[in-house]
Amino acid sequence: MKICIYPGSFDPITYGHIDIINRASQIADKLIVAVLDNREKKSLFTVDEKLDMIRDAVKDYDNVEIESFEGLLVDYAKKKNAKIVIRGLRAVTDFEYELQMAQINRELYHEIDTMFLLTNLKYSYLSSSAVKQVASYNGDVSKFVTPYVADMLKKKYNKYVV
Ligand code: PNS
């Protein structure tokens, strides 16, 4: 059974991520979408909120599981018996960071491979940070995220309005 892990911050999940999940789920027998639980990294959403938004977005995929993980990705991969990490590449600018991460992961765990999927051109400009910025100014994010995520963003940012 080919188990793949698609790790990330997913703060929040966008249509770009969903496109990668859709394609990776056709390659993997089981795809684990793994949300990094890192208390040091400042996130807009809690891990539980991130998991909820991903669950809602990928509820129709039978072979996709959603979990959070702490610590090193390779340790989590070993625990899950996964040997393939999936990452999306939007542009050349992503490459250096991704290459470094993939090489470090392979040094730490020789059996792991990283598979890069090119982000659909349609979403190549999209990032969670950009989406948050648009939402923070009350902009329309409906082209970038699911209605559930758009609603969650609205709730988050409205909380700060007095
Ligand atoms: O969505 P992101 O923020 O680009 O995802 C980055 C992520 C979560 C894949 C990466 O930070 C990660 O794997 N963190 C876990 C810690 C780890 O294993 N680090 C070693 C590789 S540099």
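The figures that follow rest on heavy atoms only: side chains count, while hydrogens, waters and symmetry mates do not. First listed ligand is number 1; within each ligand, the first listed atom is number 1. Here the structure is a predicted model, which is why all the values come from computation and not from measurement.
Contact of the Arg90 side chain with the Ser127 side chain is registered, since non-hydrogen atoms from C-beta on lie closer than 4.5 Å. Looking at heavy atoms from C-beta onward, Leu117 lies out of side-chain contact with Leu89 at the 4.5 angstrom threshold.
Ring geometry, Tyr76 versus Phe69: the interplanar angle falls under 30°, so the pair is classed parallel (tilted spans 30 to 60°).
Counted within 6.0 Å of CG on Asp29, heavy atoms from surrounding residues, nucleotides or ligands total more than 12; the atom is thus considered enclosed.
Around ligand 1 you find Pro7, Gly8, Ser9, Leu36, Lys41, Phe69, Gly71, Leu72, Leu73, Arg87, Tyr97, Met101, Asn105, each with a heavy-atom distance below 4.0 Å.
A salt bridge does not link Glu111 with Arg106: none of the charged nitrogens is closer than 4.0 Å to a carboxylate oxygen. Using a 4.0 Å cut-off between a side-chain N of Lys or Arg and a carboxylate O of Asp or Glu, Lys143 and Asp140 do not qualify as a salt bridge.
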